[in-house]
Undergrad: 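I have a structure here, written as structure tokens, and I will follow up with some questions on it.
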Amino acid sequence: MPNKNVFNTLNNPVFTESVNTYQAPGIVSPPESGASKAGSLFSITGSASALVVLSLISAVITLKITNPAASGKTVYVSRIGISIGGSSLLSALSGSSTFLSGGTLTSPTTLTPTNNNFNSSSTSVMTAQSSTSAPTGGTTFTTIQMAPGVFAQDYVGSIIVPPGSSLTVSVTSSSSSVGLTITSSANITWWEA
């Protein structure tokens with residue numbers, strides 16, 4: 001077979017075509033799509049508000065997910081969303097967020113993770129908690145200074161929480177503008193395999 005190139009060349013490229021896009025679509029989707037279809041994509045959310053009455057005040061929300069040592073599952077973080085906001089005078093509002101491995105919550109409240117496939121009865125192996133206090137301990141791996149608004153980071157599984165470990169996200173908003181109601185919010189989305 002002389003002069004029959006099987007590889008792309010500049011003058012004679014080889015093209016491919018999907019012939020049955022219904023059964024095998026020629027598209028690529030993120031792993032969260034498959035995890036959601038399988039009923040293993042979960043999320044938790046929380047928020048805290050405070051009214052500035054006399055002086056500087058803060059609103060803190062902390063979320064923590066813990067993968068039990070005997071879970072038999074590995075957790076892959078899909079997205080972390082955080083935000084700060086206020087009722088008025090947003091320019092007088094500032095905040096920060098910290099992401100930690102580990103950490104201890106003060107007076108935690110237990111949360112039930114939501115399965116993002118509303119047709120699935122699967123439940124998460126993760127223990128989820130929230131607190132309106134900043135965490136103690138842990139190892140910080142990300143700190144973000146925030147202006148009013150939303151910040152969302154897609155991790156697409158690049159943060160891995162193996163059995164026996166945990167992830168903590170804490171958001172703090174602060175203001176000294178009397179009469180301003182401030183709010184801190186956080187959301188964690190993950191899948192389990």
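These numbers come from the heavy atoms of this one structure, side chains and all, not from hydrogens, waters or symmetry mates. From a predicted model like this one, the values you see are computed outputs, not experimental measurements.
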Undergrad: Side-chain contact test, heavy atoms from C-beta onward, threshold under 4.5 Å: evaluate it for Met146 versus Ser96 and give yes or no.
TA: no
Undergrad: Which pairs count as salt bridge (charged side-chain N to carboxylate O under 4.0 Å, His left out) when at least one residue sits in residues 97-120, sequence neighbours excluded?
TA: none
Undergrad: How close do Pro68 and Met126 get, heavy atom to heavy atom, and via which atoms?
TA: CD-CA, 4.4 Å
Undergrad: Going by the rule side chain to side chain contact (heavy atoms under 4.5 Å, CB included), which residues pair with Ile57 if we only count those two or more places apart in sequence or in a different chain?
TA: Ala50, Val52, Ile182
Undergrad: Please lay out, stage by stage, how Ser174 and Ser94 fare under the test side-chain hydrogen bond (donor to acceptor under 3.5 Å, both in side chains).
TA: CA-CA 5 Å; Ser174 301; Ser94 63; 5.1 Å; no
Undergrad: Using 0.5 Å steps for rounding, measure from the CG atom of Asn116 to the CH2 atom of Trp190.
TA: 9.0 Å
Undergrad: Would you confirm whether Gln129, through its side chain, and Leu105, through its main-chain N or O, come within 3.5 Å as a donor-acceptor pair?
TA: no
Undergrad: Rounded to the nearest 0.5 Å, how far does OG of Ser173 lie from CD1 of Ile84?
TA: 6.0 Å
Undergrad: Could you note down all residue pairs passing ring-ring contact (aromatic ring centres under 6.0 Å, His included) where residues 142-170 supplies at least one of them, sequence neighbours left out?
TA: none
Undergrad: How far apart are the closest heavy atoms of Ile61 and Ser130, and which atoms are they?
TA: CD1-CB, 4.5 Å
Undergrad: Output the distance between atom CD1 (Ile44) and atom OG (Ser124), rounded to the nearest 0.5 Å.
TA: 9.0 Å
Undergrad: For Ala48 and Thr132, work out which heavy atoms get closest and say how close.
TA: CB-CG2, 4.0 Å
Undergrad: Suppose the criterion is ring-ring contact (aromatic ring centres under 6.0 Å, His included): which pairs have a residue in residues 54-74, not counting sequence neighbours?
TA: none
Undergrad: Looking only at heavy atoms, which two atoms of Ser133 and Thr106 are closest? And how far apart?
TA: CB-CB, 4.0 Å
Undergrad: For Ser83, what residues pass the side chain to side chain contact (heavy atoms under 4.5 Å, CB included) criterion, not counting sequence neighbours?
TA: Val150, Ser185
Undergrad: Using atom types as modelled, flag every donor-acceptor pair under 3.5 Å from a side chain in residues 159-171 to any protein atom, sequence neighbours excluded.
TA:
| unit_1 | atom_1 | unit_2 | atom_2 | d |
| --- | --- | --- | --- | --- |
| Ser165 | OG | Pro162 | O | 2.6 |
| Thr168 | OG1 | Gly102 | O | 2.6 |
| Ser170 | OG | Thr62 | OG1 | 3.0 |

Undergrad: Which heavy atom of Lys73 sits nearest a heavy atom of Asn67, and at what distance?
TA: O-ND2, 2.9 Å
Undergrad: Work out which heavy atom in Ser122 is nearest to a heavy atom in Ser120; give both atom names and the distance.
TA: N-OG, 3.1 Å
Undergrad: Test: ring-ring contact (aromatic ring centres under 6.0 Å, His included). Region: residues 56-86. Which pairs qualify, not counting sequence neighbours?
TA: Tyr76-Trp191
Undergrad: Show every donor-acceptor pair shorter than 3.5 Å between a side-chain atom in residues 31-42 and any protein atom, with sequence neighbours excluded, or say none if there are none.
TA:
| unit_1 | atom_1 | unit_2 | atom_2 | d |
| --- | --- | --- | --- | --- |
| Glu32 | OE2 | Ser78 | OG | 2.8 |
| Ser40 | OG | Ala35 | O | 3.3 |

Undergrad: Residues two or more places apart in sequence or in another chain: which of them pass side chain to side chain contact (heavy atoms under 4.5 Å, CB included) with Asn187?
TA: Ser43, Thr45, Thr189
Undergrad: Which pairs count as salt bridge (charged side-chain N to carboxylate O under 4.0 Å, His left out) when at least one residue sits in residues 150-177, sequence neighbours excluded?
TA: Arg79-Asp154
Undergrad: Quick test of your reading: applying salt bridge (charged side-chain N to carboxylate O under 4.0 Å, His left out), list the pairs with at least one residue in residues 112-121, sequence neighbours left out, ordered by first then second residue.
TA: none
Undergrad: When rounded to the nearest 0.5 angstrom, what distance separates CD1 in Ile80 from CD1 in Ile188?
TA: 5.5 Å
Undergrad: Per the side-chain contact (heavy atoms from CB on, under 4.5 Å) rule, which among Thr139, Thr140, Ile82, Val77 passes with Phe99?
TA: Ile82
Undergrad: For Ser49, what residues pass the side-chain hydrogen bond (donor to acceptor under 3.5 Å, both in side chains) criterion, not counting sequence neighbours?
TA: Thr183
